[in-house]
Amino acid sequence: MLKRRMQYFHLSWLLILIGLFNMIDFFATQDLVVFGDHSEWNPLMSGLVGTPYFALYKLVLIPAGLLFLWFVRKSLVPKYIGWVRFACGLYALLMIYTWGVFYA
């Protein structure tokens with residue numbers, strides 16, 4: 001019971017971090033791509049950047065997906081916690097790269 005509770009606590013922090021990184025990524029993309037002179041490297045997102053759908057996707061659909069992951073945590077934690085950790089770590093590296101290259 002205690003082990004599962006700690007896993008849920010860990011999952012909650014990972015999902016919060018992913019949500020924060022997503023929000024930072026939204027504002028960085030707005031600053032660098034929409035209002036700046038840079039281009040979007042992600043071919044899946046390049047068509048959305050600069051449109052209202054980009055804000056809808058990044059600020060509504062992604063947090064809704066994270067909330068969904070929290071609601072299905074009983075089946076998620078045992079199977080996919082490693083992938084959630086990986087995604088969070090990859091997003092953290094992307095944020096460090098963005099900060100170091102474009103804002104430092």
Side-chain angles (χ1 to χ4, degrees):
M1 179 74 172
L2 184 61
K3 182 180 177 185
R4 181 168 286 195
R5 202 169 214 194
M6 287 304 294
Q7 287 177 332
Y8 293 161
F9 180 75
H10 184 68
L11 177 67
S12 68
W13 276 106
L14 289 172
L15 294 177
I16 289 169
L17 281 173
I18 291 172
L20 288 173
F21 292 152
N22 181 62
M23 189 174 64
I24 292 167
D25 184 36
F26 170 77
F27 289 114
T29 302
Q30 289 288 101
D31 181 45
L32 296 170
V33 177
V34 176
F35 303 124
D37 296 331
H38 300 281
S39 61
E40 174 65 38
W41 291 358
N42 182 348
L44 300 174
M45 294 302 296
S46 63
L48 290 178
V49 173
T51 68
Y53 298 114
F54 180 65
L56 176 73
Y57 177 76
K58 293 292 271 185
L59 300 177
V60 176
L61 293 179
I62 296 296
L66 294 172
L67 192 60
F68 172 76
L69 290 176
W70 177 252
F71 286 133
V72 296
R73 68 186 174 272
K74 290 183 181 175
S75 62
L76 172 82
V77 170
K79 297 177 188 174
Y80 301 110
I81 190 70
W83 286 107
V84 175
R85 278 189 206 122
F86 177 75
C88 187
L90 200 61
Y91 221 160
L93 289 175
L94 178 65
M95 293 298 100
I96 291 168
Y97 172 80
T98 302
W99 180 262
V101 171
F102 297 109
Y103 291 105

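- Within the 4.5 Å cutoff, the side chain of V49 has no heavy atoms near those of the N42 side chain.
- The environment of OH in Y8 is crowded: more than 12 heavy-atom neighbours from other residues, nucleotides or ligands sit within 6.0 Å.
- There is a path of hydrophobic side-chain contacts, each under 4.5 Å, that joins F35 to L48.
- Ring geometry for W83 against F86 counts as perpendicular: the plane angle is over 60°, on a 0 to 90° scale with 30° as the lower cut.
- Inter-residue side-chain proximity for D25 and Y91 is flagged as met; some heavy-atom pair is nearer than 4.5 Å.
- Atom CH2 of W13 sits in a sparse spot, with 12 or fewer heavy atoms from other residues, nucleotides or ligands closer than 6.0 Å.
- Looking at F26 and I62, their side chains never come closer than 4.5 Å, going by heavy atoms from C-beta outward.
- L93 and Y97 end up in different hydrophobic clusters when Ile, Leu, Val, Met, Phe, Trp and Tyr side chains are linked at under 4.5 Å.
- Under the 4.5 Å side-chain criterion, counting only non-hydrogen atoms from C-beta, T98 is not in contact with I24.
- Counting non-hydrogen atoms of other residues, nucleotides and ligands closer than 6.0 Å to CZ of F71 gives a total of 12 or fewer.
- Two residues are said to be in side-chain contact when any heavy atoms from C-beta on lie closer than 4.5 Å; V84 and I18 meet this criterion.
- At least one side-chain heavy atom of F54 sits less than 4.5 Å from a side-chain heavy atom of T29.
- Proximity of a side-chain donor or acceptor of R85 to a complementary backbone N or O of G82 within less than 3.5 Å is not detected.
- Here the side chain of N22 pairs a donor or acceptor atom with the backbone of K58 at under 3.5 angstrom.
- Proximity of W41 to S39: side-chain heavy atoms (C-beta onward) are separated by under 4.5 Å at one or more points.
- One hydrophobic cluster, built from ILVMFWY side chains closer than 4.5 Å, cannot hold both F21 and I96; they sit in different ones.
- How far CG of L66 is from CG of L61: 11.0 Å, rounded to the nearest 0.5 Å.
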When you look at I81 and L14, which way does the side-chain contact (heavy atoms from CB on, under 4.5 Å) test go after all the steps?
-> CA-CA 9 Å; I81 190 70; L14 289 172; 4.0 Å; yes
